[in-house]
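In what follows, a single structure is set out as structure tokens and then discussed.
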Amino acid sequence: MDGFGPEEWQAVLLSLKVSIWAVVLSLPLAVFVAYALARWQFRGHQLLNGLVHLPLILPPVVTGYLLLLTFGRRGAIGSWLEETFGLVLAFRWTGAVLAAAIMAFPLTVRAIRLAIEAVDPKLEEAAGTLGASRLWVFATITLPLILPGLIAGVVLGFAKAMGEFGATITFVSNIPGQTQTLPSAIYTFLQVPGGETAALRLVILSVAIAMSALVVSEILARRAARRISGR
């Protein structure tokens, strides 16, 4: 197979950029929501849980359309963001970040929540009785113990963001060099006569990136687990 062309490299680099930003920006909220679902009982608990997992159930195109209605230039939030901060999301790479973050959010939250639920609450309660604040208890007790699950959540979110297609193409379209991510580029090449070779190259690269991310996450998670157990 011939080497990658400029359009292919643009799609690859944009996908990496979008996926990294999607995970980085959504991770603090994902940790907070996971902790709330795992540790707190409050009115609306099931509603929050349902909203978090809604992107997994809805067709991605529906999610993208809802984003367009809400964050488009005529949407309630989108128009406010443009008027107040000059920030435009629809048909911009920043919108691709938002779409990828929303689609990856449920997987990240679930992995972190399971890790938190596996931590014995008595450890946190014991630290609390010594006068430590909730934030300090989380930072010094809970966070180190859930580190393998946190890493798994980050990798799952990154992989989902890299493969996101339906919501992204609906919300930001498929503009080469601007919003065309890796899945969108594969789709485009498959619609062009003779584009199968380029599509195959991108498919192979997608698999390689996904497998590399899984291997790295497994190594990091095992190191974190060994450190926690004191081995």
Side-chain angles (χ1 to χ4, degrees), residues 5-37 44 47-110 112 153-189 191 202 206 209:
E7 188 174 344
E8 296 168 62
W9 277 120
Q10 286 179 341
V12 172
L13 294 176
L14 181 61
S15 285
L16 290 172
K17 179 180 178 181
V18 166
S19 301
I20 291 171
W21 276 110
V23 171
V24 169
L25 294 178
S26 65
L27 185 59
L29 181 59
V31 172
F32 176 79
V33 171
Y35 188 87
L37 292 174
L47 177 60
L48 176 60
N49 186 53
L51 289 174
V52 167
H53 291 89
L54 194 59
L56 292 179
I57 302 171
L58 287 176
V61 174
V62 173
T63 302
Y65 182 65
L66 292 175
L67 287 174
L68 193 59
L69 291 179
T70 307
F71 293 95
R73 305 187 78 160
R74 296 183 180 179
I77 299 178
S79 59
W80 177 79
L81 288 174
E82 184 175 5
E83 293 172 2
T84 307
F85 303 104
L87 179 61
V88 178
L89 295 176
F91 307 107
R92 300 287 193 279
W93 76 269
T94 49
V97 171
L98 177 61
I102 289 176
M103 295 302 295
F105 194 72
L107 297 177
T108 305
V109 169
R110 182 164 181 79
I112 299 173
V154 167
V155 173
L156 284 173
F158 175 80
K160 177 62 177 176
M162 281 290 295
E164 166 49 32
F165 174 70
T168 301
I169 199 171
T170 305
F171 184 41
V172 300
S173 190
N174 183 15
I175 307 172
Q178 298 184 41
T179 64
Q180 187 178 76
T181 57
L182 197 53
S184 301
I186 293 173
Y187 173 80
T188 299
F189 283 123
Q191 308 307 307
L202 293 179
S206 298
I209 292 174

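Just so we're clear, the structure is a prediction, and the values are computed from it rather than from any experiment.
Closest heavy-atom contact between F105 and V33: CZ-CG2, 4.1 Å. Contact between A104 and G157 at its shortest, heavy atoms only, is CB-O, 3.3 Å. Taking both residues in full, the closest heavy atoms of V109 and A34 are given as O-CB, 3.7 Å, listed atom of the first, atom of the second, then distance. Among all heavy-atom pairs drawn from Q178 and L14, the shortest one is O-CD2, 3.4 Å. In terms of heavy atoms, S206 sits closest to I186 at OG-CD1, 4.0 Å.
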| field | Check against side-chain contact (heavy atoms from CB on, under 4.5 Å), M162 and L16 | value | CA-CA 7 Å; M162 281 290 295; L16 290 172; 4.0 Å; yes
| Taking it one step at a time, do L27 and I112 satisfy side-chain contact (heavy atoms from CB on, under 4.5 Å)? | CA-CA 10 Å; L27 185 59; I112 299 173; 4.1 Å; yes
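One N or O on the side chain of T179 and one on the backbone of V172 form a donor-acceptor pair closer than 3.5 Å. Side chain of T108 to main chain of V154: no donor-acceptor pair is present (N/O by atom type, distance under 3.5 Å, no hydrogens or angles). One N or O on the side chain of S79 and one on the backbone of G75 form a donor-acceptor pair closer than 3.5 Å. E164 contributes a side-chain N or O that, together with a main-chain N or O of G166, makes up a donor-acceptor pair within less than 3.5 Å. Although no hydrogens or angles enter the test, the distance criterion places no donor-acceptor pair under 3.5 Å between the side chain of S26 and the main chain of A101.
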Counting only pairs under 3.5 Å, give me each side-chain donor-acceptor contact of residues 51-64, with atom names and distances, residues two or more places apart or in other chains.
residue : atom : partner : partner atom : Å
H53     : ND1  : N49     : O            : 2.9
H53     : ND1  : N49     : OD1          : 3.3

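Taking CZ of F32 as the reference point, atom CG of L37 lies at 9.5 Å (rounded to 0.5 Å). Here the CD1-CG distance, from I102 to L67, works out to 4.5 Å after rounding to the nearest 0.5 Å. In this structure, CZ in R110 is found 11.0 Å from CG in L156, a value given to the nearest 0.5 Å. Going from atom NZ of K160 over to atom CE of M103 covers 4.5 Å, rounded to the nearest 0.5 Å. Atom CD1 of residue I77 and atom OG1 of residue T70 lie 6.0 Å apart, to the nearest 0.5 angstrom. One distance of note links CG of L68 with CZ of R74; it measures 10.5 Å at 0.5 Å rounding.
Identified under the ring pair (Phe, Tyr, Trp, His ring centres under 6.0 Å) test for residues 58-82, with sequence neighbours left out: W80-F85. Legend: ring pair (Phe, Tyr, Trp, His ring centres under 6.0 Å) pairs involving residues 158-189, not counting sequence neighbours, sorted by first then second residue: F165-Y187.
In this structure, S15 and P183 have side chains that are in contact, with non-hydrogen atoms separated by less than 4.5 Å. Side-chain contact check for E82 versus R73: some heavy-atom pair is nearer than 4.5 Å.
Under a cut-off of 6.0 angstrom, the local environment of CH2 in W93 is crowded, with over 12 non-hydrogen atoms contributed by other residues, nucleotides or ligands.
Exactly one residue among L89, V88, T94 makes a side-chain contact (heavy atoms from CB on, under 4.5 Å) with L81. That residue is L89.
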